[in-house]
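Inspection log for the structure reproduced underneath, given as structure tokens.
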Amino acid sequence: MRRVLCNSRKMIWSLLAQAPVSLAYYKSSPSIYKTKPSTPLNRFSSGFLAPISTPAIRVFCSKPGKVGSMASSVLNQGSISYLTQREAAEVDETLMGPLGFSVDQLMELAGLSVATSIAEVYKPSEYNRVLAICGPGNNGGDGLVAARHLYHFGYKPFVCYPKRTQKPLYSGLVTQLESLSIPFLSVDELPVDLSKDFDILVDAMFGFSFHGAPRPPFDELIQKLINLHNYEQVQQKSPVIVSVDIPSGWHVEEGDVGGEGIKPDMLVSLTAPKLCAKKFSGPHHFLGGRFVPPTIAEKYKLCLPQYPGTSMCVRIGKPPQIDISALRENYISPEFREEQVEVDPLDQFRKWFDDAVAANLKEPNAMALSTTGKDGKPSSRMVLLKGVDKGGFVWYTNYESQKARELSENPHAALLFYWDGLNRQVRVEGSVQKVSEEESEQYFHSRPRGSQIGAIVSKQSTVVPGRHVLHQQYKELEEKYSKEGLIPKPKHWGGYRLLPNRYEFWQGQTSRLHDRLEYSPQEIDGKLVWKIVRLAP
Ligand SMILES: NC(=O)C1=CN([C@@H]2O[C@H](COP(=O)(O)OP(=O)(O)OC[C@H]3O[C@@H](n4cnc5c(N)ncnc54)[C@H](OP(=O)(O)O)[C@@H]3O)[C@@H](O)[C@H]2O)[C@H](O)CC1
Ligand SMILES: Cc1cc2nc3c(=O)[nH]c(=O)nc-3n(C[C@H](O)[C@H](O)[C@H](O)COP(=O)(O)O)c2cc1C
Ligand SMILES: Cc1ncc(COP(=O)(O)O)c(C=O)c1O
Ligand SMILES: [K+]
């Protein structure tokens with residue numbers, strides 16, 4: 001199992017927008033304080049975050065290997081279950097029958113999954129105009145719901161809904177879209193070539209109940225999507241096709257039998273992929289419909305990936321191949337000028353640290369610590385900042401670790417903070433001392449008891465025969481200290497404090513013309529002041 005990493009950039013921006021401290025600051029330059037890939041990686045992945053922000057897959061099986069009555073036809077490929085048409089309908093009926101779901105609920109979650117999958121890959125800054133082509137059944141309903149969410153995510157949706165279903169659920173969805181002034185286009189109003197007017201085409205025509213050959217007007221609409229591939233050859237950028245659950249026109253189980261059907265760039269399978277999804281060869285296959293209760297997963301022996309965090313969707317299948325040499329961000333940030341900065345670099349640091357906290361960045365206090373021993377060979381590792389004031393920057397560690405040995409040989413070090421999402425880096429360099437024993441004692445006892453025991457167990461930077469050794473010792477100490485009471489701080493555990501003699505504040509800018517302001521101490525009239533200079537990027 002690989003660790004699930006989640007894409008938090010969207011959270012950063014939504015929270016940054018809400019953060020009162022930062023609002024005034026960012027308002028002055030609306031919408032520009034974003035990063036955007038300067039070079040598209042390929043047609044599909046431009047605007048897509050680098051692999052570290054791609055949710056990795058963790059497959060979750062109800063009972064792997066066991067084949068039950070229904071399970072015989074629930075096929076697995078690479079540990080993911082695929083449903084037949086009949087099973088898909090049966091799962092639907094079970095959810096909406098004995099399990100007490102209403103179609104409205106499931107459709108809302110399905111549509112939301114589609115919208116969030118789209119937003120994971122196609123950023124609204126680059127792919128703004130969305131045409132949702134909606135069919136007469138529930139697949140069409142998913143498309144209507146997705147269009148509404150996409151509107152709220154910052155896209156500009158249009159809807160083509162030629163065969164309206166006269167049920168309150170559907171008329172409600174239409175009213176909701178109309179109240180957002182989302183235009184409804186008839187088939188006749190659509191341009192012959194969809195590629196000029198839209199960036200994303202949501203194919204929500206048919207889902208798992210499709211059978212036979214497409215009847216009008218959907219035959220014509222499907223043909224328009226097929227034609228896009230021809231326009232693509234003459235056009236530089238063509239819109240992407242996102243199919244909801246089933247690429248419309250494809251056989252639900254056999255897929256694109258004649259090989260002349262639509263070729264979606266993204267497929268969002270709902271609940272579990274249907275058999276035709278095995279034939280999907282586009283770059284983005286997602287799973288949505290995070291509502292499958294364990295009873296269903298068990299009954300149908302479903303092997304499904306786990307959704308990361310609170311996400312409504314999860315990528316299945318391989319992420320698109322990335323050309324590492326083409327991975328780059330173009331930093332777009334407010335100007336960072338000499339006249340704006342604080343006279344005291346500590347105040348400037350606090351200001352930027354507060355921004356990082358307000359932006360809800362993960363571990364804003366994580367910093368790289370670089371040291372060198374007497375051999376002059378540098379080494380770096382991350383540590384957590386645990387305090388900062390006039391006295392310096394404090395972190396805690398093991399006094400017998402590699403870093404401690406190097407600091408004893410050379411008491412100078414460099415700290416580096418990188419705040420992704422704010423396009424900021426701060427370098428702090430200076431001399432290092434141990435903090436007082438009382439300070440270390442006090443901090444040690446403020447830590448969770450587990451971490452205190454962990455610090456006793458870990459002879460940091462020494463070789464261990466296996467993880468079981470650490471866990472065995474941990475268990476023994478946990479038992480020993482099970483009663484409330486003080487866990488003694490090991491003598492070899494404590495803090496260091498770096499007293500800065502150089503700071504550098506870096507703000508990423510376009511074309512690599514970043515702002516870099518350096519602070520170094522200078523004596524003027526017998527008084528120490530911080531001199532600020534601008535460095536070339
Ligand atoms: N549990 C879930 O995962 C959920 C999935 N949802 C979505 O619902 C669809 C399945 O919805 P359903 O209404 O059963 O079916 P479709 O949307 O696929 O479409 C049925 C309508 O399409 C007509 N149809 C069928 N074949 C053709 C054709 N060849 N040409 C034209 N029209 C066709 C059909 O008419 P008939 O007269 O043929 O019956 C219906 O009008 C699933 O795929 C998900 O997207 C739910 O939203 C949430 C739960
Ligand atoms: C985000 C992060 C924070 C960390 N914080 C600390 C810390 O505060 N103190 C510490 O001793 N190790 C911390 N570690 C572990 C160190 O990076 C490192 O593995 C350990 O201190 C041993 O380093 P050394 O062998 O160079 O001394 C952290 C690791 C990460 C990834
Ligand atoms: C080994 C080790 N020590 C210390 C720390 C500092 O964190 P805390 O004091 O919050 O446990 C960390 C953080 O990751 C760590 O990994
Ligand atoms: K579809």
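Worth knowing before you read on, the calculation uses all heavy atoms, side chains too, and leaves out hydrogens, waters and symmetry mates. The chain is numbered in sequence order, starting from 1. Start at 1 and go down the list; that is how both ligands and their atoms are numbered.
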* Sub-4.0 Å heavy-atom approach of Ala213 to ligand 1 -> yes
* Exam field: side chain Ser243 to backbone Pro264, donor-acceptor pair closer than 3.5 Å -> no
* Asked: Among all protein non-hydrogen atoms, which one is nearest to atom 47 (O) of ligand 1, and what is the separation to 0.1 Å?
  -> Asp142 OD1, 2.4 Å
* Structure fact -> atom 12 (P) of ligand 1 sits nearest the protein heavy atom Ser209 OG, 3.5 Å
* Asked: Looking at ligand 1, does Val91 have a heavy atom less than 4.0 Å from it?
  -> no
* Between Tyr155 and Tyr127, is the ring centre distance below 6.0 Å? -> no
* Asked: Does an N or O from Met382, backbone or side chain, lie closer than 3.5 Å to an N or O of ligand 2?
  -> yes
* More than 12 non-hydrogen atoms from neighbouring residues, nucleotides or ligands closer than 6.0 Å to CD on Gln442, yes or no? -> no
* To do: State whether Tyr82 and Lys278 meet the cation-pi test: NZ (Lys) or CZ (Arg) under 6.0 Å from the six-membered ring centroid, and within 45° of the perpendicular axis.
  => yes
* **Residue Asp203 atom name (nearest to the K ion (ligand 4); N/O/S)** => O
* Nearest to atom 24 (N) of ligand 1, what protein heavy atom do you find, and at what distance? -> Phe206 CE2, 3.8 Å
* Asked: What do you reckon, does Trp395 put a non-hydrogen atom under 4.0 Å from ligand 2?
  -> no
* Asked: Using the benzene-type ring in the case of Trp, are the ring centres of Tyr399 and His492 under 6.0 Å apart?
  -> no
* Structure fact -> In this structure, atom 8 (O) of ligand 1 is nearest to the protein heavy atom Asn138 CB, 3.0 Å
* Asked: Hey, is atom 19 (O) of ligand 2 under 4.0 Å from any protein heavy atom?
  -> no
* Asked: Looking only at distance, does Glu363 have an N or O less than 3.5 Å from an N or O of ligand 2?
  -> no
* Asked: Of all the non-hydrogen atoms in the protein, which one sits nearest to atom 16 (P) of ligand 1, and at what distance?
  -> Gly207 N, 3.6 Å
* Which residue and non-hydrogen atom of the protein lie closest to atom 8 (O) of ligand 2, and at what distance in Å? -> Leu384 N, 2.9 Å
* For Asn398, is at least one N or O under 3.5 Å away from an N or O on ligand 2? -> no
